[in-house]
Protein chains: 2
Amino acid sequence: MARTTDGDGTPVPQRLLAAATRLFAERGYDRTSVQEIVEAAGVTKGALYHYFGSKDDLLHEVYARVLRVQQERLDAFAGADEPIEKRLRGAAADVVVTTIENLDDAMIFFRSMHHLSPEKNKQVRAERRRYHERFRALVEEGQEAGVFSKATPADLVVDYHFGSVHHLSTWYRPDGPLTPQQVADHLADLLLRALRP
Amino acid sequence: MARTTDGDGTPVPQRLLAAATRLFAERGYDRTSVQEIVEAAGVTKGALYHYFGSKDDLLHEVYARVLRVQQERLDAFAGADEPIEKRLRGAAADVVVTTIENLDDAMIFFRSMHHLSPEKNKQVRAERRRYHERFRALVEEGQEAGVFSKATPADLVVDYHFGSVHHLSTWYRPDGPLTPQQVADHLADLLLRALRP
DNA sequence: AGGCCCAGACTAACCGGTCGGTATGTATCT
DNA sequence: AGATACATACCGACCGGTTAGTCTGGGCCT
């Protein structure tokens, strides 16, 4: 057996990250001790600090992963060869589905920002801002084209929608009556309906 | 000088609660030490543990205050003698203004739920649920009356709106271009527009 | 004189991070 | 093909520092 996959087949760094993600979402960053993380991953502190510089680094990795995935998916929808209405709806619904499918990530994302070191916090904010602006551009494009109402500033529209996405981790339960896709359709629908001229 | 108002004119318990609120919002519950709270309030631990049973109690007080104020205000708008559209719009806009005027409370509310003890957490959730249901009743009333679209379940509509309220503490800055009232008008507008039949 | 209010020293638990050391794999040379 | 030399992966004991909460004592008001 190779050392790096001792136990199951998953490499140690990924096991650590997975364990940390679950625990951070479950009890919060500060309430999760490094000892608990390494125990959940089936290794010891030595292994953790071999792969990660600090507990903070572990949290930063969660953010980096989420941001990368979201940016990629948004780009795919925004760049599609479709009318603006469809592109915005697609992107708006997709971010809902993706968020629900990774509720732990969402929980951590909005709850633990202030636990990042100042420079990492700044970096995450910058990346997040780029994402926001990309999304806003879609709204503005529709407004310019006369397809969406200009009654509300595009910035606010984006924050309105992402507020509801943010909120998902608070109320959505996998054992509830609605599937992720159904929730996504409804929320995208609300957005598009609010934007009707 | 009376002992309970040593320093300025504010009673010690309120000074402690105010200091705790500010610090919890600023650095988070876990990152705020009891020592910092008592120093900010100009007293010592003896005073804090004379009035509050635990650090957790202090946090619970913040939640109790927010919930009480919000419930009262919602009741006032919901019970007014106005058409349903006006009542919902009034309530929706008011919660935005109130939230912005107490951004620290909002920050704490959604970020620190999991720091409450299990039974207090349960209590807060129950109270929160009552608030949600009161708000949902307004939406349903409008839907029944045919004034609002039935395309989206009322529950989801409420969560959509409160998502954006929740999100305010993340992006709203008092030195930004929009006044609290302007933001409230826009967000209430988006809600009502989404509900157009 | 007795009770409310509070100061401040103290404690027991815990936490993130470090460090010396070990085991296993790989590259190179003979 | 075997030996030597080094790199990588990981263990687990340990340390300095911090924390929430306790306790004893004293001052001020009624």
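Both backbone and side-chain heavy atoms feed into the values below; hydrogens, waters and symmetry mates do not. Just so we're on the same page: letters track the sequence lines, and every chain starts at 1.
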Discussion item. Nearest heavy atom decides the nucleotide; on that basis, is Val43(B) or Ser54(A) closer to the 5' end of DNA chain C?
Written reply: Val43(B)
Response to the item:
The nucleotide from dA20(D), dT18(C), dC10(D) with an atom nearest the side chain of Tyr49(A) is dT18(C)
Practice prompt. Might you confirm whether atom CZ of Arg196(B) has over 12 heavy atoms from other residues, nucleotides or ligands at distances under 6.0 Å?
Written response: yes
Worksheet entry | Of the listed nucleotides dC5(C), dC11(D), dG16(C), the one nearest the side chain of His50(B) | dC5(C)
Fill in: Quiz item: Lys45(B) side-chain donor-acceptor pair to dG21(D) base, under 3.5 Å
yes
Worksheet item: In whole Å, what is the span from the CZ atom of Arg31(B) to the P atom of dG17(D)?
Response: 19 Å
Discussion item. Nearest to the side chain of Ala47(A), heavy atoms from C-beta on, is which of dG16(C), dC10(D), dC5(C)?
Written reply: dC10(D)
Fill in: Atom-pair distance (CG on Asp57(B); C1' on dA20(D)), nearest Å
13 Å
Worksheet item: Considering only side-chain heavy atoms of Thr44(A), which listed nucleotide, dG21(D), dG17(C), dC10(D), is closest?
Response: dC10(D)
Worksheet item: Over how many whole Å does the gap from Leu48(B) atom CG to dC4(C) atom P extend?
Response: 19 Å
Discussion item. Less than 4.0 angstrom from a charged side-chain N to a carboxylate O is my criterion; do Arg89(B) and Glu85(B) meet it?
Written reply: no
Response to the item:
Exactly one of Arg65(A), Glu26(A), Met107(A) clears side chain to side chain contact (heavy atoms under 4.5 Å, CB included) with Thr21(A), and that residue is Arg65(A)
Discussion item. Against the six-membered ring of Tyr29(B), is Lys55(B) placed for a cation-pi contact (under 6.0 Å from the centre, within 45° of the normal)?
Written reply: yes
Item to complete: Keeping the roles fixed (side chain from Asp189(A), backbone from Asp185(A)), state whether a donor-acceptor pair exists under 3.5 Å.
Response: no
Response to the item:
To the nearest angstrom, the CD-P distance between Gln35(A) and dC14(D) comes to 14 Å
Practice prompt. Can you tell me the distance, in whole Å, between the CZ atom of Phe52(A) and the P atom of dG16(C)?
Written response: 15 Å
Fill in: Spacing of Leu58(B) atom CG relative to dA20(D) atom C1', expressed in whole Å
13 Å
Discussion item. How many whole angstroms separate atom CG of Leu23(B) from atom P of dT19(D)?
Written reply: 13 Å
Worksheet item: Ile37(A) has an atom CD1; how far is it from atom C1' of dC11(D), in whole Å?
Response: 18 Å
